[in-house]
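Side-chain atoms are counted along with the backbone in the values below, which use heavy atoms only and exclude waters and symmetry mates. This structure is a prediction, so every number in the text was calculated from the model and none was measured.
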Amino acid sequence: MNPETPIAFTKMSGTGNDFIIIDHRDGFLDGIDIPAFVRTVCRRSFSVGADGVILIEEADNADFRWQFFNADGSRAEMCGNGARCAARFAFDRKIAPASMSFMTDAGMISAEILGANVKIRLTPPADIRLGMKVGLGGEEVEVHFINTGVPHVVYFVEDGRDVPVAEWGRLIRYHRDFQPAGTNVNFVRRLGGNSLLVRTYERGVEAETMACGTGAVASAIISALKAGVEPPVTVTTSGGARLVIHFSLSGGSLARGDGIFLEGPARTIYHGQLQSGALETDG
């Protein structure tokens with residue numbers, strides 16, 4: 001890659017999660033240190049700034065495949081809000097039809113464009129562990145674990161506004177029970193009915209983000225299994241946006257074969273070109 005050659009990109013937002021999306025079907029970034037590139041362009045104030053970078057690539061058995069990178073350059077298996085943005089991008093660029101499928105490191109994801117919203121079908125959740133005990137804030141608390149494409153811990157709180165998300169999220173994210181991969185951490189408050197408030201500490205970003213799609217799904221499923229919430233579940237994110245999670249229950253457990261769906265808006269913020277200054281690391 002010639003640093004003097006501008007790189008076209010699109011900045012997108014999925015309920016507050018923001019991403020740099022690049023059409024990489026011709027592989028022009030092959031051969032460079034992509035994690036270093038991602039860390040550079042995701043720096044806020046010094047470059048574009050984002051929670052992650054998505055590379056859209058050719059696929060033989062799907063409409064496209066992606067590579068997804070967190071802001072720290074680490075590669076992630078899945079990102080719900082990123083998936084919805086990737087689908088919107090592919091549809092707008094005529095890379096894929098309104099009903100599409102694309103390959104991620106977590107498996108095949110299907111998506112459907114529904115006006116301003118995008119609805120994705122996630123891979124089946126795995127490794128559900130309820131009632132785990134971890135030390136937090138000087139006491140032992142109960143948390144729940146589920147992998148919804150990436151690992152998530154769900155911790156129920158009485159008042160989500162006063163939770164020290166950065167401090168507690170970091171402690172749980174690096175807890176020995178979730179190593180070596182680590183985990184995302186969701187602090188969940190039930191708002192009444194089938195609505196939740198969810199604040200998420202995301203590994204790879206290493207901070208609270210405005211939203212996390214797979215975290216919203218994890219929180220909805222665990223809330224159904226442990227707190228009597230019934231689908232569809234509406235999740236209000238840290239940024240105030242809403243996501244809707246669709247799934248089915250059978251006998252108090254997840255119904256097999258019905259699928260788990262995440263629906264919400266995916267917005268294009270702007271199109272731009274990365275100039276050489278955006279790739280400098282001495283800022």
Stepwise side chain to side chain contact (heavy atoms under 4.5 Å, CB included) test for Val188 and Ile222: CA-CA 10 Å; Val188 180; Ile222 295 297; over 6 Å; no
Applying the side-chain contact (heavy atoms from CB on, under 4.5 Å) test to Arg84, which of Leu243, Ile109, Asn117, Ile113 qualifies? Leu243
Write out all pairs satisfying side chain to side chain donor-acceptor pair (under 3.5 Å) with one or both partners inside residues 49-71, taking only residues at least two apart or from two chains. Asn17-Asp51, His24-Glu57, Arg44-Asp51, Glu57-Arg65, Glu57-Gln67, Gln67-Arg75, Asn70-Ser74
Are Val157 and Leu136 connected in a single hydrophobic cluster, I mean Ile/Leu/Val/Met/Phe/Trp/Tyr linked by side-chain heavy atoms less than 4.5 Å apart? yes
Partners of Lys119 by salt bridge (Lys or Arg N to Asp or Glu O under 4.0 Å), sequence neighbours excluded? none
Quick test of your reading: applying side chain to side chain donor-acceptor pair (under 3.5 Å), list the pairs with at least one residue in residues 130-140, sequence neighbours left out, ordered by first then second residue. none
Going through the checks in order, is the side chain to side chain contact (heavy atoms under 4.5 Å, CB included) test met by Asp105 and Phe68? CA-CA 9 Å; Asp105 288 356; Phe68 181 90; over 6 Å; no
Under 3.5 Å donor-acceptor, Arg88 side chain and Ala116 backbone: yes
Going through the distances and angles, do Ile56 and Arg93 end up as a side chain to side chain contact (heavy atoms under 4.5 Å, CB included)? CA-CA 11 Å; Ile56 303 296; Arg93 293 296 184 92; over 6 Å; no
Residues 166-185 vs side chain to side chain donor-acceptor pair (under 3.5 Å), sequence neighbours excluded, gives Arg173-Glu206
Looking at Leu130, Ile128, Leu225, Asp127, which one forms a side-chain contact (heavy atoms from CB on, under 4.5 Å) with Ile146? Ile128
With no hydrogens and no angle check, just 3.5 Å: does a side-chain donor-acceptor pair link Ser13 and Asp18? no
Decide whether Phe187 and Val134 are clustered together by the hydrophobic rule: side chain heavy atoms of Ile, Leu, Val, Met, Phe, Trp, Tyr closer than 4.5 Å, transitively. yes
Between Met210 and Leu197, is there a shared hydrophobic cluster once you connect ILVMFWY residues whose side-chain heavy atoms come closer than 4.5 Å? no
Going by salt bridge (Lys or Arg N to Asp or Glu O under 4.0 Å), name the residues that satisfy it together with Arg190, two or more places apart in sequence or in a different chain. none
CD1 of Ile22 to CD1 of Ile34: how many Å apart, nearest 0.5 Å? 9.0 Å
Look at the side chain of Ser47 and the backbone N and O of Gly49, then say whether any donor-acceptor pair between them is shorter than 3.5 Å. no
Does the Thr200 side chain pair with the main chain of Glu202, one donor and one acceptor, at a distance under 3.5 Å? no
Between the main-chain N or O of Ala126 and the side-chain N or O of Asn147, is there a donor-acceptor pair closer than 3.5 Å? no
With under 30° as parallel and over 60° as perpendicular, where do the rings of Phe145 and Phe178 fit, or are they tilted in between? parallel
Which residue pairs pass the side chain to side chain donor-acceptor pair (under 3.5 Å) test with at least one member in residues 213-224, sequence neighbours excluded? His152-Thr214
Is it true that Val198 and Leu122 fall in one hydrophobic cluster, defined by side-chain heavy atoms closer than 4.5 Å? yes
In sequence, state the C-alpha distance, the side-chain angles, and the governing distance for Thr40 and Phe46, and then conclude on side chain to side chain contact (heavy atoms under 4.5 Å, CB included). CA-CA 8 Å; Thr40 300; Phe46 294 104; over 6 Å; no
